[in-house]
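Heads up: the structure comes next, in structure tokens.
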Amino acid sequence: MTDHVSTHQAEEDARNDAILIYVNGKIVPKAQAMVSVYDSGFMLGDGVWEGIRLYNGRWTFLDEHIARLFEAAKAIDLEIGLTPDQVISAVSETQKANGMVTDAHARLMVTRGVKTRPFQHPKLSQQGPTMVIIMEHSRQKLPRPIRLATVPHLRGLPMTQDPKLNSHSKLNCILACIAAEKAGADEALMLDVHGFVNTTNACNFFIVRKGQVWTSTGDYCMNGITRQKVIDLCRANDIPVFERNFSLVDTYAADEAFLTGTFGAQTPVSSIDGRVIGTGQMGPMTERIRGLYKAMVGA
């Protein structure tokens, strides 16, 4: 199988050739948006990031994303150098410069900044942080549901690299994605340290069994904002939802499976490890949750 698709697959949009990008307080053309080879993000993956979506003039859950960005920066002892309101203003300025009103995606990135020498110690980053906002016209284009393959790469314990941290260091997830593609799938299904089903390399994971919605405990995965909104929507609409441990046996026998994330919202899964899930198409529960979510965000 070579017809891989991605949970972040978007329609081609020629306007993205001329986008303007925010780099350290300046909004510059795409071709001029550059950082130093000495930047700690480029050199070591030393930074944090957030992805946000624009629907009908409003950045969805913006305050929650900015709060999580600052929490992550504090966790790695990185001083952003701006207040949350100033970061929000930078997002608004970049949006205005690009004339974006809906179906846009922004990636906010903050690194520890340019290093004086090409080595690991954070004290070598002495010029202050680097902040970049990449904003693109972006509408999901998914020709079919996603195929998953279970991989040996785990979402690990918090004393190694806490999976709740949205850091630039994504090599574990990248290797998982490569393994899944080599197995003929689109994305990787990753287990936790106890062997329970956890998350994919890029999204949170849900299954539907006998009218119940299940997702992992959240102990070993990014506690995604979209993930939490789905849980909240289920509770508000009398849909039984559980954060629990479950195995691949439970997963293979599911009636439906779907992924959640800022870009794709809710993405249906057709098969896992070659086993068709349900009908192999988007199921009625996934469709219902998608409808509830779209109504909530005004998409």
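The figures here come from the full heavy-atom set of this structure, side chains too, leaving out hydrogens, waters and symmetry mates.
Between the side chain of Asp162 and the main chain of Lys164, a donor-acceptor pair closer than 3.5 Å is present. A donor-acceptor pair is defined here as one N or O able to donate and one able to accept, closer than 3.5 Å; no such pair exists between the side chain of Asp46 and the backbone of Gly41. The backbone N or O of Cys221 lies less than 3.5 Å from no partner atom in the side chain of Thr199, so there is not a single donor-acceptor pair. With hydrogens and angles disregarded, a donor-acceptor distance shorter than 3.5 Å links the side chain of Thr102 to the backbone of Asn56. Between the side chain of Arg112 and the backbone N or O of Ile76, at least one donor-acceptor pair lies under 3.5 Å. Under a 3.5 Å cut-off, the side chain of Gln127 and the backbone N or O of Val114 do not form any donor-acceptor pair. Side chain of Gln95 to backbone of Met100: a donor-acceptor contact under 3.5 angstrom is found. The closest donor-acceptor contact from the side chain of Asn204 to the backbone of Gly224 lies under 3.5 Å. No donor-acceptor pair closer than 3.5 Å links the side chain of Asp255 to the backbone N or O of Gly278. A donor-acceptor pair under 3.5 Å is absent between the side-chain atoms of Asp103 and the main chain of Arg139, judged by distance alone.
The two atoms that bring Gly298 and Tyr55 nearest to each other are O-CB, 4.5 Å, heavy atoms only. In terms of heavy atoms, Asn24 sits closest to Pro129 at OD1-O, 3.7 Å. Nearest approach of Val48 to Leu69, heavy atoms of both residues: CG2-CD1, 3.9 Å. Residue Leu82 comes nearest to Met131 through the heavy atom pair CD1-SD, 3.6 Å, listed as atom of the first residue, atom of the second, then distance. Pairing each heavy atom of Ile277 with each of Ala257, the nearest pair is CG2-N, 3.8 Å. Of all heavy-atom pairs between Gln140 and Gly264, the closest is NE2-CA, 3.6 Å.
Within 6.0 Å of the CZ atom in Phe246, the count of heavy atoms belonging to other residues, nucleotides or ligands exceeds 12. Annotation: Asp17, atom CG; neighbour count of heavy atoms from other residues, nucleotides and ligands within 6.0 Å is above 12. More than 12 heavy atoms of other residues, nucleotides or ligands shown are found within 6.0 angstrom of CD on Gln212. The neighbour count for Phe42 CZ, taken as heavy atoms of other residues, nucleotides or ligands under 6.0 Å away, does not exceed 12.
A salt bridge links Arg144 to Asp186: at least one charged side-chain nitrogen sits closer than 4.0 Å to a carboxylate oxygen. Between Lys141 and Asp13, none of the side-chain N atoms (NZ, or NE/NH1/NH2) sits under 4.0 Å from a carboxylate O, so this pair counts as no salt bridge. For Arg288 and Glu256, the salt-bridge test fails: no basic side-chain N is under 4.0 Å from an acidic carboxylate O.
With rounding to the nearest 0.5 Å, the separation of OG1 in Thr251 from CD1 in Ile272 is 5.5 Å. With rounding to the nearest 0.5 angstrom, the CZ atom of Arg227 is 13.0 Å from the CG atom of Leu259. A distance of 4.0 Å separates CD in Glu243 from CD1 in Ile231, rounded to the nearest 0.5 Å. Rounded to the nearest 0.5 angstrom, Met109 CE and Glu50 CD are separated by 12.0 Å. One finds the NZ atom of Lys170 at 9.0 Å from the CG atom of Asn172 (value rounded to the nearest 0.5 Å). Between the CG atom in Asp39 and the OG atom in Ser125 there is a gap of 7.5 Å [rounded to 0.5 Å].
Under the 4.5 Å side-chain heavy-atom criterion for ILVMFWY residues, a single connected hydrophobic cluster contains both Val110 and Ile134. Residues Leu20 and Leu108 are members of one and the same hydrophobic cluster, defined by side-chain heavy-atom contacts under 4.5 angstrom among Ile, Leu, Val, Met, Phe, Trp and Tyr. Under a hydrophobic clustering in which Ile, Leu, Val, Met, Phe, Trp and Tyr are joined whenever their side-chain heavy atoms come within less than 4.5 Å, directly or via other members, Leu78 and Val23 fall into the same cluster. Under the 4.5 Å side-chain heavy-atom criterion for ILVMFWY residues, a single connected hydrophobic cluster contains both Val230 and Met285. In terms of hydrophobic clustering, with Ile, Leu, Val, Met, Phe, Trp and Tyr side chains grouped at heavy-atom distances under 4.5 Å, Met190 and Val197 are assigned to different clusters.
Counting only heavy atoms from C-beta outward, the side chains of Gln32 and Lys26 never approach each other to under 4.5 Å. With contacts defined as side-chain heavy-atom distances shorter than 4.5 Å, the pair Asp219/Asp192 does not qualify. Counting only heavy atoms from C-beta outward, the side chains of Thr7 and Phe263 never approach each other to under 4.5 Å. Between Met296 and Phe61 the shortest side-chain heavy-atom distance falls below 4.5 Å. Side chains of His137 and Glu11 form no contact here, defined as non-hydrogen atoms less than 4.5 Å apart. You'll find the side chain of Thr94 stays beyond 4.5 Å of the side chain of Ile21, heavy atoms only. With contacts defined as side-chain heavy-atom distances shorter than 4.5 Å, the pair Trp59/Ile66 does not qualify. Inter-residue side-chain proximity for Ser36 and Lys115 is flagged as unmet; no heavy-atom pair is nearer than 4.5 Å.
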Item to check | Steps toward side-chain contact (heavy atoms from CB on, under 4.5 Å) verdict (Thr262, Ile225) | outcome: CA-CA 8 Å; Thr262 299; Ile225 290 171; 5.7 Å; no
Checklist entry - Under the side-chain contact (heavy atoms from CB on, under 4.5 Å) criterion, do Val241 and Arg235 qualify, and how do the steps go? => result CA-CA 7 Å; Val241 61; Arg235 290 172 178 163; 3.7 Å; yes
Next on the checklist: Does Met135 form a side-chain contact (heavy atoms from CB on, under 4.5 Å) with Tyr22? I'd like the steps, not just the answer.
Outcome noted: CA-CA 9 Å; Met135 210 168 275; Tyr22 177 102; over 6 Å; no
Checklist entry - Given Val269 and Thr267, is the side-chain contact (heavy atoms from CB on, under 4.5 Å) satisfied, shown in steps? => result CA-CA 7 Å; Val269 172; Thr267 301; over 6 Å; no
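No hydrogens or angles considered: a donor-acceptor pair under 3.5 Å links the side chains of Gln161 and Ser167.
The ring pair (Phe, Tyr, Trp, His ring centres under 6.0 Å) check on His65 picks up nothing, with sequence neighbours excluded.
Ring-plane geometry between Phe258 and Phe206 is classed as parallel, the angle between the planes falling under 30 degrees on a 0 to 90 degree scale with a further cut at 60.
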